[in-house]
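Below: the structure, in structure tokens.
Predicted model only: the values in this text are computed from it and were never measured.
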Amino acid sequence: MAKKKIITIGLSLCDDETEYSDFDSNISLLDWDIVLFKPDIKEYVFRRDSMFQGKPCLSDDDSFKLKAQCEHWKREIKSAVEHGKLVIVFLDELTEVCIATGEKKFSGTGRNQKTTRIVGHYDNYFSIPLELKPTSTNGKEIKLSAKNSEVISSYWQEFCSISSYKVIINSGTSPCLLTKHGDKTVGVIERSKNSNGSIICLPDIDFYPEEFFDEEEEWSDTAKQFASRFVKSIVALDKSLKSTGELTPEPDWSKSKIYKLKEEDVLTEKLLKIEGKLEKIQTEKESVLDKVSDLGRLRNLLFEKGKPLEYAILDALKTLGFSVSQYEDGESEFDAVFESNEGRLLGEAEGKDNKAINVDKLRQLALNIHEDLDRDEIEVPAKSVLFGNAYRLRSLEERPEPFTTKCISAASISSTALVFTPDLFIVAKYLTDKRDSKFATKCRKAIFNSVGKVNFPEIPTTKKIDTIDGVVEVKT
């Protein structure tokens, strides 16, 4: 019998037969036979912008990501169950957050104008395609329910001692585990009516106790032994579910139109219309996502190297009003060729992980200037510009001088402008957010007229608009 393909999401096991995926992955679950899922969104909480009513308030970006991710898992889990897979959800603690709705409210005028973000309540259980209505609590005293628990009895006998409930389920689902006192639901089983698939929600397990790691923080033998027992128990649980609820695949002859119900045709037609609407919305969503991705590419000026850095530089230069391109003819290759009314320039880009930009790249740049001038259509040498992203892995406030003393000295001899790409990001961000042709001209002239490091003009001051961090209105 073929081995079951098992994937874990939000938890990991010391087992070579299982594959791990984090919560932020966008993989399909249809490639797997068994899915072990934990709705853990603590990474989002750690990155919170502020607090509101005692709950973490996420940034606009993380709000979108979390909602999209939860919708992805809800959709994938439902699809997996419909296609005969077993999905086991370990009921993690209820993590409530406030997320941006995309709406804002403005009050006041001029300097007194205030902006209020409108937020809504959200939690990690939105990632599960069941209406569980969880209430946060915790405990360890758990018993099997009188009905619907036979299939998990072997699993529960083996792992009840290390299981604990962190939520109580308040919906009308099929309970399999209850609190010993009060008979509150802490575990449920839902079988698909149209396939052999099932979703089981079980009390949580600590998958990372201290004894699972050695002194080097590697998996211990105890962790390996646990994973082996755990996987065997889960596979046995899957087998038991399949044997007690196996459906006969519908034969082709029974799908004939003569056996179709009238209401089936009506609903199928309705479904086709809904699918058309969803396709249109999905196309619109992908278009917006592409635009967001393109705009976010500008931030590569802060931390990237190689081609990603080069492309971000080209985007920034376009924002400054340059006509830009890259050049390659089989013999010569130039990172950036850009021009405007101020003149024609040729640039090279260099990113360093934990070093300053040295003189080596200037030699390559000087060679490029000569090769460029050798072309028949070029009459005047281009202005040379070296774009450097030094110490790119450090935060900006921790970075030393981006260009070495020798590089700065050599730049003065060759009349080369040295552009620190995070400085370029600041002016490009301003010009992306606001059209300002006069400021763009000043930035272009700063590059063209500089010898050595370029000092861009200061960002123009604008009317101050107060944003009240944490002071938000909850959308009901």
Looking at [X], I want to see if its [atom1] is surrounded by more than 12 non-hydrogen atoms of other residues, nucleotides or ligands under 6.0 Å.
| X | atom1 | result |
| --- | --- | --- |
| Asn26 | CG | yes |
| Gln282 | CD | yes |
| Glu215 | CD | no |
| Glu398 | CD | yes |
| Glu401 | CD | yes |
| Glu211 | CD | yes |
| Lys55 | NZ | yes |
| Glu269 | CD | no |

Evaluation steps, side chain to side chain contact (heavy atoms under 4.5 Å, CB included), between Leu309 and Glu350: CA-CA 8 Å; Leu309 178 61; Glu350 177 81 341; over 6 Å; no
Apply the side-chain contact (heavy atoms from CB on, under 4.5 Å) test between Ile169 and each candidate in Leu132, Val186, Thr135; give the one that qualifies. Leu132
What residue among Ile128, Ile88, Val188, Val35 forms side-chain contact (heavy atoms from CB on, under 4.5 Å) with Ile199? Ile128
Side-chain donor or acceptor of [X] paired with backbone N/O of [Y] under 3.5 Å:
| X | Y | result |
| --- | --- | --- |
| Lys305 | Asp353 | no |
| Ser195 | Ser192 | no |
| Arg394 | Asn354 | no |
| Lys453 | Phe420 | no |
| Thr404 | Asn358 | no |
| Asp92 | Lys38 | no |
| Ser287 | Thr283 | no |
| Gln69 | Ser25 | yes |
| Arg47 | Leu58 | no |
| Lys67 | Thr101 | no |

Under the side chain to side chain contact (heavy atoms under 4.5 Å, CB included) rule, what do Ser163 and Leu202 come out as? Steps first, then yes or no, please. CA-CA 9 Å; Ser163 299; Leu202 296 173; over 6 Å; no
Grab the two heavy atoms, one from [X] and one from [Y], that are nearest each other, plus how far apart they are.
| X | Y | result |
| --- | --- | --- |
| Ala417 | Val454 | CB-CG2, 3.8 Å |
| Ser127 | Ile77 | O-CD1, 3.8 Å |
| Ala80 | Val87 | CB-CG2, 4.1 Å |

Do [X] and [Y] pair up side chain to side chain, a donor and an acceptor below 3.5 Å, judged on atom types alone?
| X | Y | result |
| --- | --- | --- |
| Asp436 | Tyr430 | yes |
| Asn368 | Gln364 | yes |
| Arg399 | Asn389 | yes |

[atom1] of [X] to [atom2] of [Y]: how many Å apart, nearest 0.5 Å?
| X | Y | atom1 | atom2 | result |
| --- | --- | --- | --- | --- |
| Thr18 | Leu13 | OG1 | CG | 5.0 Å |
| Leu346 | Phe338 | CG | CZ | 7.5 Å |
| Leu365 | Ser414 | CG | OG | 7.0 Å |
| Leu320 | Ser340 | CG | OG | 9.5 Å |
| Asn124 | Ile41 | CG | CD1 | 4.5 Å |
| Lys166 | Thr95 | NZ | OG1 | 9.5 Å |

Do the ring planes of [X] and [Y] sit parallel (below 30°), tilted (30 to 60°) or perpendicular (above 60°)?
| X | Y | value |
| --- | --- | --- |
| Phe90 | Phe230 | tilted |
| Phe212 | Phe226 | tilted |
| Trp73 | Phe23 | tilted |

Could you go step by step and tell me if Arg48 and Cys57 meet the side chain to side chain contact (heavy atoms under 4.5 Å, CB included) rule? CA-CA 6 Å; Arg48 68 183 182 273; Cys57 203; over 6 Å; no
Salt-bridge contact Lys42-Asp40 (side-chain N to carboxylate O under 4.0 Å): yes
Salt-bridge contact Lys74-Glu71 (side-chain N to carboxylate O under 4.0 Å): no
